[in-house]
Amino acid sequence: MSMRVLLRGRLMCSDAAEAELVGAHLPRHVELTRAEPGCIRFEVLSTDDPLVWTVDEEFAGESAFRAHQERVAASEWGRATAGIRREYETERRQG
């Protein structure tokens with residue numbers, strides 16, 4: 001059995017300008033991530049607070065998760081949202 005990687009947390013904008021950046025770039029980011037090999041689940045959902053999104057990710061293994069992190073760092077999403085605060089926890093689970 002492989003070890004799945006789960007990431008959960010929040011993306012927290014400091015103002016409306018950051019929230020607009022998220023809104024502009026999020027659809028393509030979600031589309032690209034869901035198409036990645038090893039992506040099992042990827043949800044970034046708005047909350048009642050217009051500056052906060054919940055993040056729920058699951059990848060088939062460590063290599064898929066690392067590949068996702070590397071792609072994101074070099075992506076338009078990664079560059080546009082680099083300064084936005086994130087609070088994430090990762091967990092490894094038999095899957």
What verdict does the side-chain contact (heavy atoms from CB on, under 4.5 Å) test give for Phe59 and Thr33, after you've listed the backbone C-alpha separation in whole Å, the side-chain angles of each residue and the deciding distance to 0.1 Å? CA-CA 10 Å; Phe59 289 87; Thr33 300; 4.1 Å; yes
Full working for side-chain contact (heavy atoms from CB on, under 4.5 Å) between Glu36 and Leu32: CA-CA 7 Å; Glu36 291 174 8; Leu32 290 172; 5.6 Å; no
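Glu58 places none of its side-chain heavy atoms less than 4.5 Å from the side chain of Arg93. Looking at Arg41 and Glu57, their side chains never come closer than 4.5 Å, going by heavy atoms from C-beta outward. Val22 is listed as a side-chain neighbour of Cys13, based on a closest heavy-atom distance under 4.5 Å. Within the 4.5 Å cutoff, the side chain of Phe65 has heavy atoms near those of the Leu7 side chain.
Both Val44 and Val5 sit in one connected hydrophobic cluster of ILVMFWY residues. Membership requires side-chain heavy atoms under 4.5 Å apart, directly or through other members. Hydrophobic clustering of Ile, Leu, Val, Met, Phe, Trp and Tyr side chains at less than 4.5 Å, counting indirect connections, unites Val72 with Ile84.
Using a 4.0 Å cut-off between charged nitrogen and carboxylate oxygen, Glu76 and Arg79 do not count as a salt-bridge pair.
Of the inter-residue distances, the one linking Leu6 atom CG with Tyr88 atom OH reads 14.5 Å to the nearest 0.5 angstrom. Between the CE atom in Met3 and the CD atom in Glu91 there is a gap of 10.0 Å [rounded to 0.5 Å]. Leu51 CG to Arg85 CZ: the interatomic distance, rounded to the nearest 0.5 Å, is 11.5 Å. In this structure, the separation between CD on Glu20 and CG on Asp15 is 9.0 Å, given to the nearest 0.5 Å.
Every residue two or more places apart in sequence or in another chain was checked for a ring pair (Phe, Tyr, Trp, His ring centres under 6.0 Å) with Trp53, and none qualifies.
Across all non-hydrogen atoms, the minimal contact from Pro37 to Ala64 is O-CB, 3.8 Å.
In terms of modelled atom types and a separation under 3.5 Å, the side chain of Arg34 and the main chain of Phe42 share a donor-acceptor contact.
For the residue pair Thr81/Arg86, the side-chain donor-acceptor check at 3.5 Å is satisfied.
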